[in-house]
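Notes follow once the structure below has been shown.
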Amino acid sequence: MTVTFKPSSPIWCSGCGHFGVEAALKQSLKHHAIEPHETMLLAGIGCSGFIQNYFPSYGYHALHGRVVPTATGVAAANPALTVIAAGGDGDGYAIGCGHLVHAFRRNPSLLYIVMNNGTYGLTKGQPSPTAAGRPDQEHDLDAVQLGLTVSGTTFLARGYVGQMNQLIDLMNSALTHVREKRGFAFLEVISPCITFNDNFPSWREKLVNVDMDDSYDPEDRAAAIGSYARLVAGGKVPSGLIYEGDASTFEEATGVTAENSPAFQDISVAAHIDGYRKHMGMYAM
Ligand code: SF4
Ligand code: MG
């Protein structure tokens with residue numbers, strides 16, 4: 001096995017929700033028997049981005065808001081890897097929001113975990129795009145609801161670190177979706193920041209677990225849009241598997257497979273010297 005990286009110990013505040021996300025992801029990688037050298041974990045900027053330091057897999061700390069396009073590039077270059085992007089709501093829903101929308105419509109086979117705590121924890125508690133109900137904040141963004149309205153989405157879910165069994169199940173399903181090359185698995189996790197926005201107690205009241213509702217069909221997008229909107233109008237936040245379906249993927253659009261991926265091509269100068277000379281010759285006077 002390739003020797004990769006020795007993880008360090010988490011430096012999150014005691015009680016931070018992100019410990020739950022780290023534990024669930026470790027459990028899920030174990031469940032799927034995915035080895036560190038078969039995984040690449042990319043992180044965004046913020047407290048949540050530290051998660052990349054705590055896994056022995058290949059890793060990369062992306063520019064602020066750019067974790068999704070960077071992860072898409074990794075998935076395109078080497079489809080043999082299980083690619084996981086992780087970051088926070090500030091990183092993913094503010095500066096990175098445009099990339100999220102385009103990932104929804106491109107549908108690359110990778111898992112994107114957003115740790116939503118309604119604040120910018122690393123910079124000491126400014127309101128983020130999901131900071132609902134604070135007097136200094138505009139209307140909040142619901143990225144799962146946004147994803148429901150984009151026709152290319154294939155996996156949308158919301159978990160909560162206060163409900164670990166469900167979170168692990170959702171993560172297992174998301175990784176199955178990715179490994180079966182069905183496209184973009186989007187998993188938002190409610191992961192409270194106990195230091196700057198400690199709203200742990202409020203989530204038990206607010207979340208409505210659609211996994212427990214036999215009448216809810218996560219494969220019916222139109223019905224899910226209606227059910228979701230009604231819950232939000234009633235002041236609730238849906239959790240569980242919100243939608244799973246099929247749509248053409250980024251891999252199908254680009255034609256890259258594990259067999260022909262750029263990561264496995266011979267890029268030595270000797271193998272390509274004639275081609276390089278031909279192209280350089282086009283610029284010669
Ligand atoms: Fe977690 Fe908040 Fe502490 Fe950051 S500041 S580590 S988000 S509790
Ligand atoms: Mg945040």
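Remember, it's 1-based here, ligands and their atoms both numbered in the order they're listed.
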For this session: Measuring from atom 1 (Fe) of ligand 1, count protein N/O/S atoms under 2.8 Å, please.
Result: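 Excluding waters, the total comes to 1.
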
Does any N or O in the side chain of Arg204 come within less than 3.5 Å of the main-chain N or O of Gly162, such that one atom is a donor and the other an acceptor?
-> yes

Tell me whether the rings of [X] and [Y] are parallel (<30°), tilted (30 to 60°) or perpendicular (>60°).
| X | Y | answer |
| --- | --- | --- |
| Phe186 | Tyr112 | tilted |
| Phe200 | Tyr160 | tilted |
| His177 | Phe155 | tilted |

Could you tell me which atoms of ligand 1, counted from 1 in the order shown, lie closer than 4.0 angstrom to a heavy atom of Phe196?
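With Phe196 as reference, the close atoms of ligand 1 come out as 5 (S).
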
Q) If we only count heavy atoms from C-beta on, is the Val256 to Pro262 side-chain gap below 4.5 Å? A) yes

Quick one: side chains of residues 69-81, donor-acceptor pairs under 3.5 Å with protein atoms, not counting sequence neighbours, listed by atom name and distance.
| from | atom 1 | to | atom 2 | distance (Å) |
| --- | --- | --- | --- | --- |
| Thr70 | OG1 | Arg66 | O | 2.6 |
| Thr72 | OG1 | Val68 | O | 2.8 |
| Asn78 | OD1 | Ala80 | N | 3.1 |

